[in-house]
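First up is the structure itself, then whatever we jot down about it.
Being a predicted model, the structure only gives us computed values, none of them experimental. The figures that follow rest on heavy atoms only: side chains count, while hydrogens, waters and symmetry mates do not.
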Amino acid sequence: MCIRDREKGNVREAEAYLRQGLERVPEHPQCLAYLSVCVAARAGQVDKAEKLAKTIVRDNPRDPTAFFALGMVYLKTNQRRQAFHYFGRARQLAEKDPYLLAQLDRAEPRRPPVLGFLPRNSRINILLGWLRHRLGR
């Protein structure tokens, strides 16, 4: 419910729902992670959200939701390189979580690599992707 509220733009409702959950289980990592995304959506709260998300990642290094949340915070601040880095980490850890993978697909507006049989970060794919971007304007 709270995630769907956030996705629909009802950040206040999502944040209230998450805070209720944290009253019951104060250190729940997923609730804290999604709370950091809600905090980042509010004007002037991005530094607070980044600090919270980094703490969650530090305390829960195997939790894909924590990396997703930090990526969303960086995406909100237009730090796309850092956002994609953390989205990639979340994707590696969330291989069996279809809901989180679907969220990552919506959050990460990257096109597939030009040559799918090569890794995204291969020099050939980077060059061809750059060309595709330039010629597609």
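Between atom SG of residue C31 and atom CG of residue L22 there is a gap of 5.0 Å, rounded to the nearest 0.5 Å. Going from atom CG of L127 over to atom CZ of R132 covers 12.0 Å, rounded to the nearest 0.5 Å. We find the CG-CD1 distance between L32 and I56 to be 4.5 Å, quoted to the nearest 0.5 Å. The line from CD of Q82 to CD of E50 is 8.5 Å long, rounded to the nearest 0.5 Å.
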Walk me through whether R19 and E23 qualify under salt bridge (Lys or Arg N to Asp or Glu O under 4.0 Å).
CA-CA 6 Å; R19 289 190 188 281; E23 286 176 6; over 6 Å; no
Might you work through the side-chain contact (heavy atoms from CB on, under 4.5 Å) test for M72 and Q103, ending with a clear yes or no?
CA-CA 10 Å; M72 289 297 290; Q103 282 186 305; over 6 Å; no
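Members clustered with V25: none, using a 4.5 Å side-chain heavy-atom cutoff among hydrophobic residues. Using a 4.5 Å cut-off between side-chain heavy atoms of Ile, Leu, Val, Met, Phe, Trp and Tyr, I126 forms no hydrophobic cluster with any other residue.
Annotation: side chain to side chain donor-acceptor pair (under 3.5 Å) contacts of Q30 (sequence neighbours excluded): D63. Partners of R89 according to the side chain to side chain donor-acceptor pair (under 3.5 Å) rule, which considers only residues two or more places apart in sequence or in another chain, are Q92. In this structure K48 satisfies the side chain to side chain contact (heavy atoms under 4.5 Å, CB included) test together with V39, Q45, sequence neighbours excluded. Here S122 pairs with L118, P119, I124, N125 under the side chain to side chain contact (heavy atoms under 4.5 Å, CB included) rule; sequence neighbours left out. Looking at residues two or more places apart in sequence or on another chain, you find a ring-ring contact (aromatic ring centres under 6.0 Å, His included) between Y86 and Y74. Considering only residues two or more places apart in sequence or on other chains, T77 meets the side chain to side chain donor-acceptor pair (under 3.5 Å) condition with Q79. Not counting sequence neighbours, R120 has no partner by the side chain to side chain donor-acceptor pair (under 3.5 Å) test. Among residues two or more places apart in sequence or in another chain, the side chain to side chain contact (heavy atoms under 4.5 Å, CB included) test is passed with A94 by P64, D97, L100, L101.
One hydrophobic cluster, built from ILVMFWY side chains closer than 4.5 Å, holds both L104 and F84. In this structure, F117 is a member of the same hydrophobic cluster as V114, with clusters built from ILVMFWY side-chain heavy atoms closer than 4.5 Å.
The two residues C38 and L18 make their nearest non-hydrogen contact at SG-CD1, 3.9 Å. The shortest non-hydrogen separation linking N60 to F67 is O-CE1, 4.4 Å. The nearest pair of heavy atoms linking F87 to F68 is CE2-O, 3.6 Å. Counting all heavy atoms, side chain and backbone alike, V73 lies closest to A40 at CG2-CB, 3.9 Å. Taking each heavy atom of S36 and A69 in turn, the nearest pair found is OG-CB, 3.6 Å.
Within the 4.5 Å cutoff, the side chain of R111 has no heavy atoms near those of the H133 side chain. When side chains are defined from C-beta on, D59 does not count as touching K54, because their heavy atoms never get closer than 4.5 Å.
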